[in-house]
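Both ligands and their constituent atoms are indexed starting at 1 by order of listing. Basis for what follows: all heavy atoms, side chains included, without hydrogens, waters or symmetry-related copies.
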Amino acid sequence: MSVNKEAYLRIAGELNQNGVSLVAVSKTKPESDIRSLYDMGHRDFGENYVQEMLGKAAALPPDIRWHFIGHLQTNKVKLIIPFVQLIHGVDSLKLLKEIRKEAAKTGRVVDCLLQVHIAREETKFGFDEKELAGILEEYRSPGWEPVCIRGLMGMASFTDDMSVVRGEFRFLKQLFDRHRSSLSGKNGPAILSMGMSSDYRVAMEEGSTMVRIGSLLFGERAQK
Ligand SMILES: *Cc1c(COP(=O)(O)O)cnc(C)c1O
């Protein structure tokens with residue numbers, strides 16, 4: 001299946017009206033699909049495998065803003081640091097320190113979001129409330145100049161029960177508001193990355209500033 005241009009225009013319009021930005025999640029999809037949205041003016045694309053993102057970034061126009069939305073391994077950090085727009089899923093202090101180290105080498109200030117575990121599932125990565133406070137405390141100490149923590153990211157439970165999803169997003173928004181003063185403002189306004197194809201409307205209603213949408217734009221992905 002190729003890109004659903006009608007869905008793109010409708011969703012982009014809806015988000016735009018609400019001041020929410022759109023990361024088009026192109027993981028597993030061919031470069032031609034990214035090119036289609038690019039030709040419609042879209043620039044923000046999300047990938048969750050490092051090698052795949054590197055390949056696509058090398059083949060596609062340099063003004064694409066690449067968002068890394070997957071689970072990032074520390075040994076892969078250096079590969080994406082030179083060009084990544086925003087790392088959404090920072091889920092350990094070790095990873096944050098690696099990003100700092102590699103960013104310092106390039107002279108870039110790399111934008112990051114801290115991933116918070118809000119879902120019921122055990123398997124989703126992210127900090128709990130207490131760990132988040134700890135990381136932000138650490139971030140207030142000197143030496144973090146190469147890193148800009150712009151905000152938070154979360155994934156809701158995989159369920160059709162939207163009241164559960166809404167509750168989780170609401171909780172994340174509360175954390176976001178509570179910690180806003182600790183988030184760096186040097187690279188722009190704070191970012192709350194929540195909402196995917198199945199729940200982006202709920203996320204928007206609960207205060208998301210950035211949604212990550214794949215299948216509604218590019219069609220279903222083949223099962224891994
Ligand atoms: C795949 C993915 C998405 C997009 O999922 P869809 O349901 O296809 O919109 C969003 N966020 C993350 C972290 C993902 O891995």
Side-chain angles (χ1 to χ4, degrees), residues 1-12 14-15 18 20-31 33-34 36-37 42-54 56 64-73 76-77 80 84-92 95 111-127 150-162 164-166 168-169 172-173 176 191-224:
M1 198 166 132
S2 59
V3 174
N4 187 335
K5 294 186 177 177
E6 290 74 32
Y8 171 70
L9 291 173
R10 179 171 47 75
I11 293 167
E14 188 182 351
L15 294 171
N18 290 281
V20 175
S21 32
L22 170 63
V23 175
V25 176
S26 46
K27 63 186 183 198
T28 80
K29 298 295 174 180
E31 286 157 15
D33 282 2
I34 298 176
S36 297
L37 280 196
H42 199 73
R43 292 294 178 270
D44 290 272
F45 292 90
E47 291 285 337
N48 68 345
Y49 296 101
V50 167
Q51 292 306 334
E52 189 179 337
M53 186 165 102
L54 292 173
K56 287 172 173 174
I64 289 181
R65 296 183 288 263
W66 293 101
H67 294 247
F68 193 80
I69 63 169
H71 178 64
L72 182 57
Q73 292 167 295
K76 302 253 172 83
V77 167
I80 66 170
V84 70
Q85 173 76 17
L86 178 63
I87 301 174
H88 287 237
V90 177
D91 59 0
S92 73
L95 177 58
D111 283 0
C112 298
L113 304 178
L114 300 178
Q115 183 167 1
V116 182
H117 184 277
I118 55 171
R120 299 186 291 199
E121 290 105 55
E122 293 283 318
T123 54
K124 289 190 178 146
F125 297 103
F127 299 111
R150 294 285 299 273
L152 306 181
M153 179 271 217
M155 291 170 83
S157 294
F158 187 69
T159 171
D160 291 334
D161 186 346
M162 282 300 135
V164 170
V165 169
R166 187 179 295 280
E168 291 168 354
F169 285 154
L172 184 57
K173 174 65 160 65
F176 179 66
I191 296 170
L192 179 56
S193 169
M194 62 181 195
M196 314 182 9
S197 289
S198 59
D199 55 21
Y200 80 92
R201 281 213 177 90
V202 177
M204 201 163 69
E205 285 161 13
E206 296 301 329
S208 170
T209 73
M210 183 177 278
V211 298
R212 310 173 308 272
I213 297 184
S215 38
L216 282 182
L217 305 175
F218 297 109
E220 295 297 325
R221 289 175 295 276
Q223 289 298 317
K224 276 242 150 202

Within this structure, what is the OG-CG distance for the pair S2 and L217, rounded to the nearest 0.5 Å?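 Those atoms lie 12.0 Å apart.
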Once you restrict both partners to nitrogen or oxygen, which atoms of ligand 1 have a protein partner under 3.5 Å, and how far apart are they?
| from | atom 1 | to | atom 2 | distance (Å) |
| --- | --- | --- | --- | --- |
| ligand 1 | 8 (O) | S215 | N | 2.8 |
| ligand 1 | 8 (O) | S215 | OG | 2.8 |
| ligand 1 | 8 (O) | R221 | NH1 | 2.8 |
| ligand 1 | 8 (O) | R221 | NH2 | 3.1 |
| ligand 1 | 9 (O) | S197 | N | 3.0 |
| ligand 1 | 9 (O) | S197 | OG | 2.5 |
| ligand 1 | 9 (O) | G214 | N | 2.8 |
| ligand 1 | 11 (N) | R212 | NE | 2.8 |
| ligand 1 | 15 (O) | K27 | NZ | 2.7 |

Counterpart residues, side-chain contact (heavy atoms from CB on, under 4.5 Å), relative to R120 (two or more places apart):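 Checked R120 against side-chain contact (heavy atoms from CB on, under 4.5 Å); matches are S157, T159, V164, E168.
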Could I get the full list of side-chain contact (heavy atoms from CB on, under 4.5 Å) partners for V77, not counting sequence neighbours? L72, I81, L95, E98, I99, E102
Of E47, Q51, E31, the residue whose pairing with K56 passes side-chain hydrogen bond (donor to acceptor under 3.5 Å, both in side chains):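 Exactly one pass, corresponding to E47.
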What residues form a ring pair (Phe, Tyr, Trp, His ring centres under 6.0 Å) with F45, not counting sequence neighbours?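 Result, ring pair (Phe, Tyr, Trp, His ring centres under 6.0 Å) vs F45: H42.
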Is the shortest distance from a Lys or Arg side-chain nitrogen in R10 or E6 to a carboxylate oxygen in the other one below 4.0 Å? no
